[in-house]
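A short write-up of the structure that comes next.
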Amino acid sequence: MPELDFKGKEFVYNHHLAIPHRPLIPHADKSILPSPSGRGAGGEGARLDGNLIIHGDNLHALKALLPMYAGRVDCVFIDPPYNTGNEGWCYNDNVNSPMLREWLNSNPVGVEDGLRHDKWLCMMWPRLRLLHELLSETGSLWMTLDDNEIHRARMMLDAIFGERNFVATCIWHKNYAPKSSARHFSEDHDYLIIYAKDAAIWAPNLLERTEEQNTAYKNPDNDPRGLWRPNNLAARNYYSKGTYAISCPSGRVIEGPPSGSYWRVSEEKFKAMDRDGRVWWGDTGNNIPAPKIFLSEVKAGRVPQTIWHFDEVGHTQDAKKKMLAIFNFDSSEEVFITPKPTKLIERVIELATHENSIVLDSFAGSGTTAHAVLSANAKDNGERKFILVECENYADSLTAERVRRVINGYAFSGTQREELHRESLTFTSLKKADKLLDHVESIRNLDGHRFDHIKAEVKDGQLIVTGEKAITEQIEGLGGGFTFCTLGDAVEMDKLLTGESLPAFEQLGALLFHTATNEALPSPPTPLPESEGSDVVEEVAGCGYLGESTHFHVWLIYRPDLEFLKSREAALTLSRAEALVKAKPGKPHRVFAPAKFVSQKLLNTVGLPVEFAPLPFALYRIEKS
């Protein structure tokens, strides 16, 4: 397979492995904690296993998510920089390479930057590696792009996901009118690239059948099996048994299929279908026979297609109008530059998720993905969860604020517009300008009572007449909640060794569980209680329980307290090993602790399936100063 090569690839190929683990720090004052009866995903309290909005570098945020979400995300939707040269995005990854560090001094990435495509690939590569690791085995990735990077993105994704896991490239018709200012062509579409973690087992959901599709089914002969439509008996594909003559009920003999084609079924199969009333001969019994396709026997939905029209999934103006309404802005200049329509991402969710899916967007922007998830939950009472990551300073004021308003509802006061007339202007129509003006005036007379103002304008070579009316209304909230997080300080091993920096139990526990098992933590770990009289301490013999992996029960003896870690209480002993095996039978046990007072040989001799795993530091050896 051809290999994609770009400047800096050797430095970023495994860069995601060098990213330190950072804890997620919840901010309750910026979060919305839903009630148990709320319709959205999540739960009571600022929790990290519900809906999340994370403010921070998305590379570090994705690494922070691994301990709890590796292999659990069902759908990734990302809308990364298109790298047009006019976006002003910056390459910020601090890779240990003089060349890449030099790139930090040449930000932002502009159209005159001869290495802008290399920089984009270096930025995307480690992020896609982590997204691939976060996806479940039945998960899929959806990425929007335009022609600037689509071809390079395909090769990069082939390398990371595997060429066989490419699913499709959909075309989104994003503009409802051509841009007359275009130099060559009006670029009216974007791409949506789809890869599966494993295309052999992944399949999209079917879409709901349209009314137009169903109206093709009739029942002119009152068949008791219900509505049906005729199918063509002939096909162009060669079929050795598809050349026989057919006798119609009227007596007409059809010598064979039309020239260059073959009957779809054998003569024996055709006669069996006819006996079962599955062939339509026409009202007179003289037509070329048509097999019946019964509505009750077709798929319950329709197979998705690769061309997505704006009348089904929205266009760019829809997205901007939605933001204007939510934030009650007066002008589109205040709107996030390139939001995606909610309907577009709702279509992705419809195809790629089930009612309990986790949806991740690591280029969250205006928060459309969260809006779409909440909307989907409201429609089917689902419990989908969203995880958004946004690195820019508007993560709270725009991204999270939009989600707050969508959850709680918002007041909208603005202008309601209704298009009353649209007509392309030609030289002929301009010669009859008086008639055009009279027509506009007649519209004002007929519809003026319904609007505050009727506006006539010429735009992109078209005369557009629009009625405008000031309105005020309250938009009902969708319910739900989320936890707003930032990224804490990195876990630095050299500081762990000295005890200078001791992470919280939950942070270290999640990291160790993922490191030891290569699996996501099933639920937040249970810290080691302070009280020796605690039921938990008695049950698990002083160990904090991290969780159950495919092969192990995993435990951690730890408190972020140097004196405790240097004490005998922090060691694995024979009595503790016996107690934890009794508490959680059925699988071997792996215990992380600063020290052990029992040998592995003795544990094996007495038949205790317990394995000691030393913590990545030896605090118990540190002498008191």
Side-chain angles (χ1 to χ4, degrees), residues 14-17 19-24 41-42 47-52 54 58-78 125-143 157 159-162 164-167 194-205 348-349 351-362 369 373 382-389 485 506-525 545-554 556 587-588 590 592:
N14 286 319
H15 177 53
H16 64 291
L17 300 176
I19 300 300
H21 177 79
R22 295 177 182 273
L24 296 175
R47 48 191 300 176
L48 299 180
D49 59 342
N51 294 329
L52 299 177
I54 305 169
N58 55 12
L59 184 59
H60 288 256
L62 292 175
K63 191 65 175 281
L65 289 169
L66 278 179
M68 284 191 66
Y69 289 98
R72 293 181 58 202
V73 175
D74 300 289
C75 174
V76 170
F77 173 85
I78 56 173
W125 183 278
R127 288 160 175 80
L128 288 170
R129 292 287 295 269
L130 290 174
L131 288 171
H132 181 266
E133 194 169 343
L134 286 161
L135 272 178
S136 69
E137 291 303 309
T138 56
S140 57
L141 175 138
W142 306 63
M143 178 166 65
L157 288 164
I160 294 172
F161 278 72
R164 70 178 185 85
N165 291 317
F166 167 71
V167 174
I194 308 161
Y195 277 76
K197 185 70 170 286
D198 186 348
I201 61 175
W202 183 85
N205 300 322
V348 172
I349 291 170
L351 293 173
T353 74
H354 52 76
E355 292 181 358
N356 296 299
S357 289
I358 297 174
V359 181
L360 168 61
D361 183 350
S362 55
T369 297
V373 168
E383 294 291 334
R384 297 172 188 83
K385 299 176 184 177
F386 62 77
I387 302 173
L388 304 188
V389 182
C485 300
E506 293 85 354
Q507 176 193 352
L508 183 61
L511 177 60
L512 291 174
F513 185 91
H514 176 63
T515 303
T517 66
N518 201 31
E519 297 177 22
L521 196 67
S523 61
Y545 185 57
L546 297 184
E548 181 180 354
S549 74
T550 303
H551 303 291
F552 297 98
H553 289 293
V554 187
L556 172 62
K587 285 184 179 179
R590 180 168 290 177
F592 286 93

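In this chain, numbering begins with 1 at the start of the sequence shown. The figures here come from the full heavy-atom set of this structure, side chains too, leaving out hydrogens, waters and symmetry mates.
Using a 4.5 Å heavy-atom threshold, the side chains of V73 and L65 count as separate. At least one side-chain heavy atom of L360 sits less than 4.5 Å from a side-chain heavy atom of L62. Between L157 and N165, the closest side-chain pair of non-hydrogen atoms is not below 4.5 Å. At a threshold of 4.5 Å between non-hydrogen side-chain atoms, the residues I19 and H60 count as touching. Taking the side chain as every heavy atom from C-beta outward, H553 and Y545 approach each other to under 4.5 Å. Between R164 and D198 there is a side-chain heavy-atom pair separated by less than 4.5 Å. Residues T517 and R590 fail the side-chain proximity criterion, which asks for heavy atoms closer than 4.5 Å. Side-chain atoms of I349 and C75, non-hydrogen and from C-beta on, never get closer than 4.5 Å to each other.
Contact detail for C485 and L52: the closest heavy-atom pair is SG-CD2, 4.2 Å. The nearest pair of heavy atoms linking Y69 to D49 is OH-CA, 3.2 Å. For the residue pair F592 and A516, the shortest heavy atom distance occurs at CZ-CB, 3.6 Å. Closest non-hydrogen pair, A520 versus M68, comes out as CB-O, 3.2 Å. Nearest heavy-atom pair, P67 versus A510, reported as atom, atom and distance to 0.1 Å: CB-O, 3.2 Å. Counting all heavy atoms, side chain and backbone alike, S362 lies closest to N58 at O-ND2, 3.0 Å.
A distance of 10.0 Å separates CZ of R22 from CG of L59, quoted to the nearest 0.5 Å. Rounding to the nearest 0.5 Å places CZ of F77 at 10.5 Å from CD1 of I194. Distance check: L511 CG to H21 NE2 gives 5.0 Å after rounding to the nearest 0.5 Å. Taking CZ of R384 as the reference point, atom CG of D74 lies at 10.0 Å (rounded to 0.5 Å). Going from atom CD1 of I78 over to atom CZ of R127 covers 10.5 Å, rounded to the nearest 0.5 Å. A distance of 9.5 Å separates CG of D361 from CG of L131, quoted to the nearest 0.5 Å.
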Any chance you could lay out the side-chain contact (heavy atoms from CB on, under 4.5 Å) test for N205 and H354, step after step, and finish with the verdict?
-> CA-CA 9 Å; N205 300 322; H354 52 76; 5.9 Å; no

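Surrounding NE2 of H551 are at most 12 heavy atoms belonging to other residues, nucleotides or ligands under 6.0 Å away.
Evaluated for a side chain to side chain contact (heavy atoms under 4.5 Å, CB included) with V373, the options T353, V359, L388, I387 yield exactly one hit, V359.
Relative ring orientation between Y195 and F161 is described as tilted, the plane-to-plane angle lying within the 30° to 60° band.
A donor-acceptor pair under 3.5 Å links the side-chain atoms of H514 to the main chain of E519, judged by distance alone. Side-chain N or O atoms of K63 include none that pairs as donor or acceptor with a backbone N or O of P20 at under 3.5 Å. With K197 contributing its side chain and G71 its backbone, the two residues share no donor-acceptor pair below 3.5 Å. When atom types are taken as modelled, the side chain of R72 and the backbone of L135 share no donor-acceptor pair closer than 3.5 angstrom.
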